[in-house]
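This report concerns only the one structure given below.
By convention in this document, chain letters (A, B, ...) are assigned in the order of the sequence lines, proteins followed by strands, and residues within each chain are numbered from 1.
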Number of protein chains: 2
Amino acid sequence: MSDLVEATGLNSASMYKEFGNKEGLFENALLDYQKTRLEPYIQILLDRPGMQGIEAFLNAAVSRAESGDYQGCLMLNTLAEEHSVSKAAIRRVENFCVKLKEALAGAIAGAQKEGTVPAGKDAAVLADFIICLMHGMVLYGRVDSHKPRIAAVVAAVKGALIA
Amino acid sequence: MSDLVEATGLNSASMYKEFGNKEGLFENALLDYQKTRLEPYIQILLDRPGMQGIEAFLNAAVSRAESGDYQGCLMLNTLAEEHSVSKAAIRRVENFCVKLKEALAGAIAGAQKEGTVPAGKDAAVLADFIICLMHGMVLYGRVDSHKPRIAAVVAAVKGALIA
DNA sequence: CTAAAATTAAAACGATCGTTTTATTATTTA
DNA sequence: TAAATAATAAAACGATCGTTTTAATTTTAG
(Lines give C-alpha, C1' and ligand atoms only; values in the text may rest on other atoms or scores of the structure.)
Protein backbone atom coordinates (compact mmCIF):
# COMPACT_ATOMS: atom_id res chain seq x y z
CA MET A 1 0.00 0.00 0.00
CA SER A 2 2.80 2.41 0.79
CA ASP A 3 4.26 1.66 -2.63
CA LEU A 4 0.91 2.54 -4.20
CA VAL A 5 0.68 5.76 -2.23
CA GLU A 6 4.07 6.73 -3.52
CA ALA A 7 3.52 5.56 -7.10
CA THR A 8 0.05 7.04 -7.58
CA GLY A 9 0.45 10.20 -5.55
CA LEU A 10 -2.92 9.40 -4.00
CA ASN A 11 -3.69 9.42 -0.35
CA SER A 12 -4.07 6.16 1.48
CA ALA A 13 -7.36 7.34 3.01
CA SER A 14 -8.74 7.98 -0.47
CA MET A 15 -7.86 4.51 -1.60
CA TYR A 16 -9.38 2.92 1.45
CA LYS A 17 -12.55 4.92 0.93
CA GLU A 18 -12.75 3.83 -2.70
CA PHE A 19 -11.78 0.19 -2.40
CA GLY A 20 -12.38 -0.76 1.21
CA ASN A 21 -9.10 -2.53 1.76
CA LYS A 22 -6.00 -3.80 0.06
CA GLU A 23 -7.66 -6.95 -1.19
CA GLY A 24 -10.56 -5.03 -2.67
CA LEU A 25 -8.18 -2.74 -4.47
CA PHE A 26 -6.26 -5.65 -5.88
CA GLU A 27 -9.37 -7.49 -7.00
CA ASN A 28 -10.50 -4.33 -8.74
CA ALA A 29 -7.15 -3.92 -10.46
CA LEU A 30 -7.17 -7.57 -11.51
CA LEU A 31 -10.65 -7.29 -13.01
CA ASP A 32 -9.63 -4.20 -14.90
CA TYR A 33 -6.52 -5.98 -16.15
CA GLN A 34 -8.61 -8.88 -17.36
CA LYS A 35 -11.08 -6.68 -19.19
CA THR A 36 -8.61 -4.32 -20.82
CA ARG A 37 -5.54 -6.47 -21.36
CA LEU A 38 -6.58 -10.10 -21.60
CA GLU A 39 -10.09 -10.33 -22.98
CA PRO A 40 -9.08 -8.78 -26.32
CA TYR A 41 -7.04 -11.93 -26.87
CA ILE A 42 -10.03 -14.13 -26.12
CA GLN A 43 -12.06 -12.03 -28.50
CA ILE A 44 -9.75 -13.05 -31.33
CA LEU A 45 -10.82 -16.64 -30.77
CA LEU A 46 -14.49 -15.75 -30.54
CA ASP A 47 -14.37 -13.64 -33.69
CA ARG A 48 -12.55 -16.22 -35.78
CA PRO A 49 -13.27 -19.67 -34.33
CA GLY A 50 -10.91 -21.69 -36.52
CA MET A 51 -7.25 -22.30 -37.17
CA GLN A 52 -6.80 -18.75 -38.41
CA GLY A 53 -8.10 -17.40 -35.11
CA ILE A 54 -5.96 -19.80 -33.12
CA GLU A 55 -2.84 -18.70 -34.97
CA ALA A 56 -3.75 -15.05 -34.55
CA PHE A 57 -4.32 -15.66 -30.85
CA LEU A 58 -1.00 -17.41 -30.38
CA ASN A 59 0.86 -14.79 -32.37
CA ALA A 60 -0.73 -11.99 -30.36
CA ALA A 61 0.15 -13.68 -27.09
CA VAL A 62 3.69 -14.31 -28.23
CA SER A 63 4.34 -10.81 -29.47
CA ARG A 64 2.93 -9.48 -26.23
CA ALA A 65 5.31 -11.62 -24.21
CA GLU A 66 8.19 -10.67 -26.47
CA SER A 67 7.56 -6.93 -26.36
CA GLY A 68 10.18 -4.93 -24.57
CA ASP A 69 7.88 -3.44 -21.94
CA TYR A 70 6.34 -6.75 -20.95
CA GLN A 71 6.40 -7.07 -17.18
CA GLY A 72 4.66 -10.42 -16.83
CA CYS A 73 1.00 -11.36 -16.70
CA LEU A 74 -0.86 -10.09 -13.66
CA MET A 75 -3.46 -12.84 -13.98
CA LEU A 76 -0.97 -15.72 -13.93
CA ASN A 77 1.32 -14.05 -11.43
CA THR A 78 -1.70 -13.89 -9.15
CA LEU A 79 -2.11 -17.63 -9.53
CA ALA A 80 1.58 -18.13 -8.88
CA GLU A 81 1.37 -16.26 -5.59
CA GLU A 82 -1.89 -17.93 -4.73
CA HIS A 83 -1.33 -18.06 -1.01
CA SER A 84 -0.79 -14.34 -0.58
CA VAL A 85 -3.87 -13.10 -2.41
CA SER A 86 -7.52 -13.30 -1.52
CA LYS A 87 -9.81 -16.17 -2.43
CA ALA A 88 -11.79 -13.78 -4.57
CA ALA A 89 -8.69 -13.04 -6.62
CA ILE A 90 -8.10 -16.76 -7.17
CA ARG A 91 -11.74 -17.15 -8.18
CA ARG A 92 -11.16 -14.44 -10.75
CA VAL A 93 -8.20 -16.33 -12.17
CA GLU A 94 -10.23 -19.52 -12.35
CA ASN A 95 -13.07 -17.68 -14.02
CA PHE A 96 -10.69 -16.30 -16.59
CA CYS A 97 -9.09 -19.66 -17.26
CA VAL A 98 -12.49 -21.23 -17.85
CA LYS A 99 -13.39 -18.44 -20.25
CA LEU A 100 -10.13 -18.87 -22.12
CA LYS A 101 -10.46 -22.61 -22.22
CA GLU A 102 -13.98 -22.40 -23.65
CA ALA A 103 -12.93 -19.92 -26.30
CA LEU A 104 -9.94 -22.05 -27.25
CA ALA A 105 -11.97 -25.26 -27.35
CA GLY A 106 -14.57 -23.51 -29.50
CA ALA A 107 -11.92 -22.34 -31.91
CA ILE A 108 -10.41 -25.82 -32.06
CA ALA A 109 -13.83 -27.29 -32.75
CA GLY A 110 -14.19 -24.74 -35.51
CA ALA A 111 -10.84 -25.78 -36.91
CA GLN A 112 -12.02 -29.36 -36.85
CA LYS A 113 -15.04 -28.40 -38.92
CA GLU A 114 -12.70 -26.70 -41.36
CA GLY A 115 -10.59 -29.82 -41.46
CA THR A 116 -7.44 -28.09 -40.24
CA VAL A 117 -7.49 -30.11 -37.02
CA PRO A 118 -8.20 -33.86 -37.13
CA ALA A 119 -11.80 -34.58 -36.13
CA GLY A 120 -10.82 -37.40 -33.81
CA LYS A 121 -9.07 -35.14 -31.28
CA ASP A 122 -10.70 -33.92 -28.10
CA ALA A 123 -10.96 -30.12 -28.39
CA ALA A 124 -11.18 -29.64 -24.63
CA VAL A 125 -8.02 -31.68 -24.06
CA LEU A 126 -6.17 -29.73 -26.70
CA ALA A 127 -7.34 -26.47 -25.15
CA ASP A 128 -6.10 -27.59 -21.74
CA PHE A 129 -2.82 -28.59 -23.31
CA ILE A 130 -2.33 -25.16 -24.82
CA ILE A 131 -3.27 -23.34 -21.63
CA CYS A 132 -0.96 -25.60 -19.67
CA LEU A 133 1.88 -24.65 -21.97
CA MET A 134 1.11 -20.97 -21.58
CA HIS A 135 1.24 -21.37 -17.82
CA GLY A 136 4.50 -23.20 -18.21
CA MET A 137 5.97 -20.40 -20.25
CA VAL A 138 5.08 -17.94 -17.51
CA LEU A 139 6.69 -20.01 -14.79
CA TYR A 140 9.62 -21.58 -16.61
CA GLY A 141 10.24 -18.24 -18.28
CA ARG A 142 11.35 -16.98 -14.89
CA VAL A 143 14.38 -19.26 -14.90
CA ASP A 144 16.04 -17.25 -17.59
CA SER A 145 14.91 -15.35 -20.62
CA HIS A 146 12.29 -17.51 -22.28
CA LYS A 147 12.25 -15.53 -25.47
CA PRO A 148 14.37 -18.03 -27.41
CA ARG A 149 11.99 -20.71 -26.21
CA ILE A 150 8.73 -19.18 -27.26
CA ALA A 151 8.99 -19.96 -30.92
CA ALA A 152 9.76 -23.61 -30.20
CA VAL A 153 6.83 -23.91 -27.85
CA VAL A 154 4.42 -22.34 -30.31
CA ALA A 155 5.68 -24.75 -32.94
CA ALA A 156 5.00 -27.60 -30.55
CA VAL A 157 1.46 -26.33 -29.99
CA LYS A 158 0.74 -26.23 -33.69
CA GLY A 159 2.30 -29.64 -34.10
CA ALA A 160 0.07 -31.05 -31.40
CA LEU A 161 -2.97 -29.54 -33.09
CA ILE A 162 -2.46 -30.83 -36.60
CA ALA A 163 -0.61 -34.08 -35.94
CA MET B 1 9.18 -18.76 11.66
CA SER B 2 6.50 -18.92 14.36
CA ASP B 3 4.81 -21.65 12.35
CA LEU B 4 8.06 -23.58 12.30
CA VAL B 5 8.56 -23.15 16.03
CA GLU B 6 5.12 -24.59 16.57
CA ALA B 7 5.41 -27.36 13.99
CA THR B 8 8.88 -28.57 14.91
CA GLY B 9 8.75 -28.02 18.64
CA LEU B 10 12.17 -26.44 18.34
CA ASN B 11 13.19 -23.16 19.85
CA SER B 12 13.57 -20.15 17.62
CA ALA B 13 16.98 -19.41 19.10
CA SER B 14 18.16 -22.90 18.17
CA MET B 15 17.05 -22.43 14.59
CA TYR B 16 18.73 -19.08 14.32
CA LYS B 17 21.93 -20.54 15.71
CA GLU B 18 21.84 -23.38 13.21
CA PHE B 19 20.74 -21.53 10.08
CA GLY B 20 21.53 -17.87 10.70
CA ASN B 21 18.24 -16.49 9.54
CA LYS B 22 14.99 -17.38 7.86
CA GLU B 23 16.42 -17.27 4.39
CA GLY B 24 19.30 -19.53 5.35
CA LEU B 25 16.92 -22.03 6.83
CA PHE B 26 14.80 -22.00 3.71
CA GLU B 27 17.75 -22.39 1.40
CA ASN B 28 18.90 -25.34 3.48
CA ALA B 29 15.47 -26.93 3.33
CA LEU B 30 15.29 -26.37 -0.41
CA LEU B 31 18.67 -27.97 -0.99
CA ASP B 32 17.65 -30.94 1.12
CA TYR B 33 14.42 -31.21 -0.83
CA GLN B 34 16.33 -31.19 -4.09
CA LYS B 35 18.74 -33.87 -3.00
CA THR B 36 16.27 -36.23 -1.37
CA ARG B 37 13.09 -35.70 -3.37
CA LEU B 38 13.97 -34.45 -6.82
CA GLU B 39 17.37 -35.76 -7.80
CA PRO B 40 16.23 -39.39 -7.72
CA TYR B 41 14.04 -38.49 -10.69
CA ILE B 42 16.99 -37.02 -12.54
CA GLN B 43 18.95 -40.14 -11.74
CA ILE B 44 16.44 -42.20 -13.69
CA LEU B 45 17.40 -40.24 -16.80
CA LEU B 46 21.10 -40.54 -16.10
CA ASP B 47 20.87 -44.27 -15.48
CA ARG B 48 18.84 -45.03 -18.58
CA PRO B 49 19.52 -42.29 -21.16
CA GLY B 50 16.94 -43.37 -23.76
CA MET B 51 13.23 -43.59 -24.35
CA GLN B 52 12.85 -46.16 -21.62
CA GLY B 53 14.39 -43.79 -19.09
CA ILE B 54 12.28 -40.89 -20.33
CA GLU B 55 9.11 -42.89 -19.91
CA ALA B 56 10.17 -44.06 -16.46
CA PHE B 57 10.95 -40.45 -15.54
CA LEU B 58 7.59 -39.19 -16.73
CA ASN B 59 5.70 -42.01 -15.05
CA ALA B 60 7.53 -41.40 -11.79
CA ALA B 61 6.77 -37.69 -11.91
CA VAL B 62 3.15 -38.34 -12.74
CA SER B 63 2.56 -40.91 -10.03
CA ARG B 64 4.22 -38.58 -7.58
CA ALA B 65 1.88 -35.74 -8.54
CA GLU B 66 -1.09 -38.09 -8.43
CA SER B 67 -0.30 -39.56 -5.04
CA GLY B 68 -2.73 -38.65 -2.32
CA ASP B 69 -0.24 -36.97 -0.02
CA TYR B 70 1.26 -34.77 -2.72
CA GLN B 71 1.43 -31.21 -1.46
CA GLY B 72 3.03 -29.56 -4.45
CA CYS B 73 6.66 -29.18 -5.48
CA LEU B 74 8.76 -27.02 -3.18
CA MET B 75 11.21 -26.27 -5.98
CA LEU B 76 8.63 -24.94 -8.42
CA ASN B 77 6.55 -23.27 -5.74
CA THR B 78 9.71 -21.39 -4.83
CA LEU B 79 9.94 -20.19 -8.40
CA ALA B 80 6.28 -19.24 -8.36
CA GLU B 81 6.77 -17.05 -5.32
CA GLU B 82 10.00 -15.71 -6.69
CA HIS B 83 9.67 -12.24 -5.22
CA SER B 84 9.30 -13.39 -1.64
CA VAL B 85 12.31 -15.67 -1.47
CA SER B 86 16.01 -14.92 -1.50
CA LYS B 87 18.10 -14.64 -4.63
CA ALA B 88 20.05 -17.65 -3.46
CA ALA B 89 16.86 -19.71 -3.45
CA ILE B 90 16.11 -18.64 -7.01
CA ARG B 91 19.64 -19.52 -8.01
CA ARG B 92 19.03 -22.96 -6.55
CA VAL B 93 15.90 -23.34 -8.69
CA GLU B 94 17.79 -22.27 -11.77
CA ASN B 95 20.60 -24.64 -10.98
CA PHE B 96 18.13 -27.47 -10.62
CA CYS B 97 16.36 -26.64 -13.86
CA VAL B 98 19.64 -26.65 -15.73
CA LYS B 99 20.51 -30.03 -14.25
CA LEU B 100 17.13 -31.43 -15.21
CA LYS B 101 17.33 -29.99 -18.67
CA GLU B 102 20.75 -31.51 -19.29
CA ALA B 103 19.64 -34.91 -18.06
CA LEU B 104 16.52 -34.76 -20.20
CA ALA B 105 18.40 -33.61 -23.27
CA GLY B 106 20.93 -36.37 -22.73
CA ALA B 107 18.20 -38.97 -22.50
CA ILE B 108 16.54 -37.60 -25.62
CA ALA B 109 19.86 -37.74 -27.45
CA GLY B 110 20.16 -41.32 -26.30
CA ALA B 111 16.69 -42.05 -27.61
CA GLN B 112 17.73 -40.55 -30.92
CA LYS B 113 20.66 -42.95 -31.08
CA GLU B 114 18.24 -45.78 -30.39
CA GLY B 115 16.02 -44.50 -33.14
CA THR B 116 13.02 -43.98 -30.87
CA VAL B 117 13.19 -40.22 -31.38
CA PRO B 118 13.71 -38.78 -34.88
CA ALA B 119 17.32 -37.74 -35.33
CA GLY B 120 16.37 -34.41 -36.88
CA LYS B 121 14.88 -32.98 -33.68
CA ASP B 122 16.73 -30.64 -31.36
CA ALA B 123 17.14 -32.51 -28.07
CA ALA B 124 17.61 -29.29 -26.09
CA VAL B 125 14.41 -27.80 -27.51
CA LEU B 126 12.47 -30.95 -26.71
CA ALA B 127 13.86 -30.93 -23.18
CA ASP B 128 12.80 -27.33 -22.73
CA PHE B 129 9.39 -28.21 -24.08
CA ILE B 130 8.93 -30.99 -21.54
CA ILE B 131 10.13 -28.88 -18.64
CA CYS B 132 7.86 -26.06 -19.75
CA LEU B 133 4.90 -28.43 -19.68
CA MET B 134 5.85 -29.63 -16.20
CA HIS B 135 5.95 -26.06 -15.01
CA GLY B 136 2.58 -25.52 -16.64
CA MET B 137 1.10 -28.47 -14.84
CA VAL B 138 2.26 -27.05 -11.52
CA LEU B 139 0.74 -23.64 -12.19
CA TYR B 140 -2.35 -24.53 -14.19
CA GLY B 141 -2.95 -27.41 -11.82
CA ARG B 142 -3.81 -24.81 -9.19
CA VAL B 143 -6.90 -23.75 -11.09
CA ASP B 144 -8.64 -27.01 -10.34
CA SER B 145 -7.60 -30.58 -9.92
CA HIS B 146 -5.16 -31.32 -12.73
CA LYS B 147 -5.27 -35.05 -12.23
CA PRO B 148 -7.63 -35.68 -15.16
CA ARG B 149 -5.27 -33.58 -17.25
CA ILE B 150 -2.01 -35.29 -16.46
CA ALA B 151 -2.52 -38.29 -18.69
CA ALA B 152 -3.38 -36.08 -21.64
CA VAL B 153 -0.33 -33.93 -21.10
CA VAL B 154 1.99 -36.91 -20.86
CA ALA B 155 0.48 -38.25 -24.05
CA ALA B 156 1.19 -34.91 -25.67
CA VAL B 157 4.80 -35.05 -24.53
CA LYS B 158 5.30 -38.49 -25.99
CA GLY B 159 3.58 -37.42 -29.15
CA ALA B 160 5.92 -34.45 -29.46
CA LEU B 161 8.91 -36.71 -28.98
CA ILE B 162 8.15 -39.34 -31.56
CA ALA B 163 6.20 -37.33 -34.12
C1' DC C 1 -20.26 33.80 -0.85
C1' DT C 2 -21.07 30.34 2.24
C1' DA C 3 -21.91 25.82 3.90
C1' DA C 4 -21.26 21.10 3.01
C1' DA C 5 -18.63 17.54 1.24
C1' DA C 6 -14.62 15.51 -0.32
C1' DT C 7 -9.53 15.19 -0.36
C1' DT C 8 -5.29 15.66 1.59
C1' DA C 9 -1.12 15.24 4.68
C1' DA C 10 0.55 13.32 8.54
C1' DA C 11 0.51 11.06 12.57
C1' DA C 12 -0.91 7.18 15.18
C1' DC C 13 -3.04 2.48 15.92
C1' DG C 14 -2.53 -2.38 16.78
C1' DA C 15 -0.93 -6.48 14.83
C1' DT C 16 2.59 -9.33 12.93
C1' DC C 17 7.13 -10.49 11.74
C1' DG C 18 12.07 -11.65 11.93
C1' DT C 19 15.32 -11.62 15.36
C1' DT C 20 17.76 -11.13 19.87
C1' DT C 21 18.17 -11.31 24.71
C1' DT C 22 17.80 -13.10 29.31
C1' DA C 23 17.56 -16.30 32.57
C1' DT C 24 16.87 -21.12 33.34
C1' DT C 25 17.49 -25.94 32.50
C1' DA C 26 19.57 -29.87 30.35
C1' DT C 27 23.51 -32.05 28.29
C1' DT C 28 28.09 -33.00 27.47
C1' DT C 29 32.98 -33.19 28.78
C1' DA C 30 36.99 -33.69 31.63
C1' DT D 1 31.28 -34.75 40.33
C1' DA D 2 32.33 -30.21 38.51
C1' DA D 3 32.75 -27.15 34.78
C1' DA D 4 31.65 -25.98 30.30
C1' DT D 5 28.52 -26.11 26.67
C1' DA D 6 24.25 -26.29 24.58
C1' DA D 7 19.28 -25.94 24.46
C1' DT D 8 15.14 -24.14 26.27
C1' DA D 9 11.16 -21.00 27.44
C1' DA D 10 9.65 -16.61 27.42
C1' DA D 11 9.88 -12.01 27.00
C1' DA D 12 11.29 -8.08 24.42
C1' DC D 13 13.30 -5.51 20.32
C1' DG D 14 12.67 -2.69 16.26
C1' DA D 15 10.73 -2.67 11.86
C1' DT D 16 7.02 -3.07 8.71
C1' DC D 17 2.39 -3.44 7.42
C1' DG D 18 -2.58 -2.61 6.77
C1' DT D 19 -5.63 0.59 8.46
C1' DT D 20 -7.76 4.55 10.96
C1' DT D 21 -7.88 9.02 12.82
C1' DT D 22 -7.25 13.89 13.11
C1' DA D 23 -6.97 18.18 11.47
C1' DA D 24 -6.22 21.11 7.64
C1' DT D 25 -7.20 22.14 2.91
C1' DT D 26 -9.56 22.00 -1.32
C1' DT D 27 -13.55 21.31 -4.05
C1' DT D 28 -18.38 21.37 -4.83
C1' DA D 29 -23.26 22.98 -4.28
C1' DG D 30 -26.82 26.04 -3.08
Spacing of L139(A) atom CG and C132(B) atom SG [to the nearest 0.5 Å]: 9.0 Å

Nearest whole Å is fine: how far is dA15(D) C1' from N21(B) CG? 16 Å

Can you tell me the distance, in whole Å, between the CZ atom of F19(A) and the P atom of dG18(D)? 16 Å

Rounded to whole angstroms, how far apart are CG on L10(A) and P on dT8(C)? 6 Å

From CE of M15(A) across to C1' of dA6(C) the rounded distance in Å is 16 Å

Is K99(B) paired with E39(B) through a side-chain N to carboxylate O contact shorter than 4.0 Å? yes

Side chain of S14(B) - closest among dT8(C), dC17(C), dA7(D): dA7(D)

Among dA7(D), dT8(C), dT19(C), which is the nearest nucleotide to the side chain of Y16(B)? dT19(C)

Within the modelled atom types, does a donor on one side and an acceptor on the other bring the side chain of N11(B) and the base of dA7(D) under 3.5 Å apart? no

Of the listed dT21(D), dA6(C), dA10(D), the closest approach to the K17(A) side chain comes from dA6(C)

Is it true that, when you exclude E81(B) itself, more than 12 heavy atoms of the residues, nucleotides or ligands shown sit nearer than 6.0 Å to its CD? yes

Any N or O donor-acceptor pair linking the side chain of S12(B) to the base of dT20(C) at under 3.5 Å? yes

Could you tell me how far apart E18(A) (CD) and dT19(D) (C1') are, to the nearest whole angstrom? 17 Å

Is a donor on one side and an acceptor on the other found under 3.5 Å between the side chain of T36(B) and the backbone of D32(B)? yes

Taking NZ from K22(B) and P from dT16(C), how many angstroms apart are they, rounded to a whole number? 16 Å

